[in-house]
Protein chains: 4
Amino acid sequence: MTHLNLLPQTDWDAAPRTTTRSSFADLEINDDAARTPTSGSGRDVVEFDFPGVRVGTAEYADGPTGVTVVEFDGGARTAIDDRGGAVGITGRYGYNSAIALTGGSVQGLAAASGVTDAIMAEQGRKTGFADLVAVSGACIYDFAVRDNAIVPDNALGRAAHANARAGQVPIGRVGAGVAASCGKMSPSSTEWAGQGAAFVQVGDLKVLAIVVVTAGGVVLDRDGRVLRGNLQSDGTRRHPITDSLLAFDGEGQDAAPAFQRGNTTISTVVTNAKLNDIDLRQLATQVHSSMHRAIQPFHTALDGDTLFLATTDEVELPSYDPRQTLSPSVASVGAIASEVMWNAIIESAR
Amino acid sequence: MTHLNLLPQTDWDAAPRTTTRSSFADLEINDDAARTPTSGSGRDVVEFDFPGVRVGTAEYADGPTGVTVVEFDGGARTAIDDRGGAVGITGRYGYNSAIALTGGSVQGLAAASGVTDAIMAEQGRKTGFADLVAVSGACIYDFAVRDNAIVPDNALGRAAHANARAGQVPIGRVGAGVAASCGKMSPSSTEWAGQGAAFVQVGDLKVLAIVVVTAGGVVLDRDGRVLRGNLQSDGTRRHPITDSLLAFDGEGQDAAPAFQRGNTTISTVVTNAKLNDIDLRQLATQVHSSMHRAIQPFHTALDGDTLFLATTDEVELPSYDPRQTLSPSVASVGAIASEVMWNAIIESAR
Amino acid sequence: MTHLNLLPQTDWDAAPRTTTRSSFADLEINDDAARTPTSGSGRDVVEFDFPGVRVGTAEYADGPTGVTVVEFDGGARTAIDDRGGAVGITGRYGYNSAIALTGGSVQGLAAASGVTDAIMAEQGRKTGFADLVAVSGACIYDFAVRDNAIVPDNALGRAAHANARAGQVPIGRVGAGVAASCGKMSPSSTEWAGQGAAFVQVGDLKVLAIVVVTAGGVVLDRDGRVLRGNLQSDGTRRHPITDSLLAFDGEGQDAAPAFQRGNTTISTVVTNAKLNDIDLRQLATQVHSSMHRAIQPFHTALDGDTLFLATTDEVELPSYDPRQTLSPSVASVGAIASEVMWNAIIESAR
Amino acid sequence: MTHLNLLPQTDWDAAPRTTTRSSFADLEINDDAARTPTSGSGRDVVEFDFPGVRVGTAEYADGPTGVTVVEFDGGARTAIDDRGGAVGITGRYGYNSAIALTGGSVQGLAAASGVTDAIMAEQGRKTGFADLVAVSGACIYDFAVRDNAIVPDNALGRAAHANARAGQVPIGRVGAGVAASCGKMSPSSTEWAGQGAAFVQVGDLKVLAIVVVTAGGVVLDRDGRVLRGNLQSDGTRRHPITDSLLAFDGEGQDAAPAFQRGNTTISTVVTNAKLNDIDLRQLATQVHSSMHRAIQPFHTALDGDTLFLATTDEVELPSYDPRQTLSPSVASVGAIASEVMWNAIIESAR
């Protein structure tokens, strides 16, 4: 049987990864200096075998903040499941040439237009309706952990496109995840998270998951253990349900700081399964919900959680019953993609 | 601090609970005989302290199939999160006098009209627009485990209303959950599930969760262990990701039966927190996604998962920052309700 | 070129059709007496040539109130556009054996279960998931114009099914529209509306529209003239924008009664065009919006407007450009269906 | 009574306004030369009295293409109704500092980020979550009528912000509407449309509507007459239902060119009515549907129709019945806003 390694990793790095922020106004912005994009470098790469799919990253080191772009040769049908209470999204097309994940919150969405501009210029400067280059994007609020207002912009999006290549995704504090953090029950409990990825091929089915975790919630392992976030003063991490209970317990209210605002987990799943519109939409729903296993709490009013599910529509799914109107195997694609995504989330904070 | 007992139960009953079905046509239907409703009896009750909220059950023993109704004095604002791929729902109102959960699949929705009729008759036979009695409902397909076509109907809905009372919810194989099952990777791997419930009060905040689990997926404990469903011939239970991987692995396809179709988890959460429309909607989303931790896979194309989140709008939430436009404490209400729901799911299959 | 007669009718009956209501409580309900369904009879019929599609009506004369059912041999893929602020809907399936339109407000949805029960019984009493008979339905509040609380129920739904036949739809005060009214700026301005229908075949494309108009708004002709509703004491009808302006004009407030509550326009469009899921969904949106031309105001907070768009998926649409990812001809199907629907609305109140 | 002048204008300019396009590739793009924003100038202005609301336009004359920004002091709660089949949107926030309407299709959304950047820089370079400047935007495809690929960009968005002022909106071929066209049954039938606006105050209620019409459909007057679009060789304009019928009529197919793709009507309504979340959402739905009266066909698979409905939440609506759970007067706000919008659409093409 095909191997899908279900993390937890035995080599988890349990050391605290605390974050800081001291200033809130009169911050440096992009216009104050010339900025030079770099490609960034995470702690590792995840390899994938998916012809026609390329991934690129770009960063402004003096943020730091960054962009990650996932590109599809010829474009890919896309379902978008934006289900948080505070979503920041651009494009929202049902067919995309690329998906841009960015830091810099609402301003960072500008990077998506850079990707569009770069691809348009390469593709013969055509403006027929069928020639349009659709790039959807979503942003994270990554200001919680840095003392400047530098943001991804059009130029950084172009740089991410220029850096895009097949076969590997950098993971860790890189690209859109270079200033990502999680477990934000209070500023002092926040830890660095980042960008994660995972890939599996099962038979002919391919699934690639890329995620940028700057969740209010913590990251959990498959046994319910908190891996990252909500760090306590004694170096342990606790499940945020304790903080939530304290928030409503009369005596504990002083001890219970509010959840920090400005959280989001943005992600892209790419598969090669042929799916009709309804199945594609349902698959996005299934995988997005499944992420609640790995991030808790999730989909809160304070998160802008958004998942893009793209398919290259190449591989016919096995069919068990020609009379069926629903597709049993789509549920299995979703189950597999959900585990791949859990691995990706763990990699984001490993 | 307030106590919220996070299950797993140490007294879990690990014995197999296999189901059977042999016939598929020429089945007995309601019209073939007179039917007498009973109130049903589960294996236990869950107690709750929530003035104005009543719960009732009714069953046709010769199905068996049943109805569970959750009623609100004076009605309750309701957000509905119907996110499965095969939903069966009726009413779908934003303000409800009651929520009806029923067996009998699409036919069982008739029970909701019985609840409406009964309350209308009691409330003075008035037809002003403000006098209307809105009852929303959702159904499960419970035919997978029985050899007849008997379904909840108007009379059974009326009976459930007549049986409604404050303070306790029966759990186990009772009410809408009397023929509920889970872990349906194949007919032989299916086990009985049922109706679950849980309640907590934290400070002034009350949360009651009631769930009927007839999921395709298995029920999981907080440590990732499969508690119920996908029973193997050796008496163990396995995580369905194995079945999904087999489905795409060329050599294993014979060994990998498809997911059975006709699955659904329907649930009602009642709180007394004052919430604006957007927060109420987001709370339903947060809790519904969280259930993916306890049922896997969830929200597939083959499930009709639907959650009703009702509030009696009685208790002002603590506010941490008067300038906030989002509500940190709503995320905490959602985190608490998510754990209460996980407990309820475990009780459904315990 | 194919003929599509764009109404206005030159033979419009301009005589007032006033309604009355005097009592609001202690009303007669279904349980008070035995009720015998009749098929009802409108002022005329609309003929259609659409093999596999049948329409039936049933009424309780002592309401009066009724049901209209549209049935599809073998079922039909369905998009549902429920866009009013006060929708009452049941089923909401993406594939339906029948659509039930009913009077009796929230209680009337019970009629849909009668249709389901009747078809299930005829189809061999089978309960396999693929054997389920999905019937979606929507209701109108028709109590504004009658002094009793008699409602469509399961038996009336069964009767409508039994009455269903190919080739013609009764129109006028019949079926679900037997107590439908419109133009409800005040009780005295309200006029009877009813059920309308229209059919066209253009080349191989067939479109059948059936509508039950109990709108708050008035019915308008293609030249902007008010045909029915908002009747003034001098026998003329005025556009409701005047009433809306008066409502906000300080001096006029006494003279400006509120819109009556409890309004809805429910409709079914059946086509034979092959459409993918996204085009089917968009077609429902296009046609539903178009009805704002014929009913004004429309889609208000006080209306529960719902449209079912079903296709038998038989006729391939002409394609102009094989590279296209959007379908120009779907817009034309929508444009044609919109005019057919306008005709149907005019017939409802003619 | 307050005066709301319901157009048609008697001074309609019936002369043809034909458009042209000859080249489709190797077009000039923004990077090919330095671009200097101008503010543009339409054929007239519409005045409005709405403290706290400002409107600005900016154009690149060598497109021409442009941007229109509507800004709110302190931000405004916003409902977004994006209902076309081909939407291009950015932000999609529920609370916005500004709404940006742009030309340049998917690339033009970059202008919204320019507005954000400019306001952020002015507001103290702060990055607290509550300090974020949310700007939502939508784009039109305006390449159908020009032979270059010049698009609105970040700099043009900044220019539109800098040009924003209270009290008047330019109308005609200006701002985002400088290259807008309508009635696109074929290239030769296309006519110039543009940007329209209208304002009314009724009692204390204020409503401002701004619209950019580049619809596939034609613009219609209140008597059903085609005012602009689908121009025939004899100088007359015909209703597009004729073209749609021809498309399905076997013999006429050669004579019936497809609808052109790449159409959209984007609009912003600003009111000062206090509205809860659900009423705000419903109001957007009501007004957006109403626009189908003025543009036909509308909301097709080929249009990306999007409406932003923003409120400054200043004026309590009159209440007629303290027991009401729905709001009769919201329907009247919608009815008024719908007529204001129709006027605005007529102004766009007058």
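A note on names: the letters A, B, ... follow the listed sequences, proteins ahead of strands, and every chain is numbered from 1.
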>> I need the B:I89 CD1 to C:S136 OG distance, nearest 0.5 Å.
In response: 11.5 Å
>> At a 4.5 Å cut-off on heavy atoms, which part of B:Y141 comes close to chain C: side chain, backbone, both, or neither?
In response: side chain
> Between B:L109 and chain C, which part of the residue has a heavy atom less than 4.5 Å away: side chain, backbone, both or neither?
Replying inline: side chain
>> For the interface with chain B, which of C:N30, C:D117, C:D153 has the highest count of heavy-atom pairs at distances below 4.5 Å?
In response: C:D117
> Non-hydrogen atoms of chain C under 4.5 Å away: do they reach the side chain of B:D142, the backbone, both or neither?
Replying inline: neither
>> Please determine whether side chain to side chain contact (heavy atoms under 4.5 Å, CB included) holds for the pair B:D131 and C:F24, giving the CA-CA distance in whole Å, both sets of side-chain angles, and the decisive distance to 0.1 Å.
In response: CA-CA 10 Å; B:D131 302 317; C:F24 297 87; 5.7 Å; no
> Around B:I278, counting heavy atoms of other residues, nucleotides and ligands shown, do more than 12 lie under 6.0 Å from its CD1?
Replying inline: no
>> If you count heavy-atom pairs within less than 4.5 Å of chain B, which of C:G94, C:G114, C:G124 leads?
In response: C:G124
> What part of C:V135 is in contact with chain B, defined as an atom under 4.5 angstrom from a non-hydrogen atom: side chain, backbone, both or neither?
Replying inline: neither
> Between B:N148, B:L27, B:T116, B:V106, which residue shows the highest count of heavy-atom pairs closer than 4.5 Å to chain C?
Replying inline: B:L27
> In terms of heavy-atom proximity below 4.5 Å to chain C, should B:Q123 be classed as side chain, backbone, both, or neither?
Replying inline: neither
> So which of C:R92, C:M120, C:E28 has the largest heavy-atom pair count under 4.5 angstrom toward chain B?
Replying inline: C:R92
>> So which residue, B:G108, B:G128, B:G91, B:G137, ends up with the most heavy-atom pairs under 4.5 Å with chain C?
In response: B:G91
> Can you say whether C:D32 sits under 4.5 Å from chain B via the side chain, the backbone, both, or neither, judging by heavy atoms?
Replying inline: side chain
> With respect to chain C, which residue among B:N154, B:D82, B:D31 yields the maximal number of heavy-atom pairs within a distance under 4.5 Å?
Replying inline: B:D31
>> Does B:T127 form a side chain to side chain contact (heavy atoms under 4.5 Å, CB included) with C:R21? I'd like the steps, not just the answer.
In response: CA-CA 11 Å; B:T127 58; C:R21 170 172 168 174; 3.5 Å; yes
> Who wins among C:I29, C:V87, C:V151 for the most heavy-atom pairs under 4.5 Å with chain B?
Replying inline: C:I29
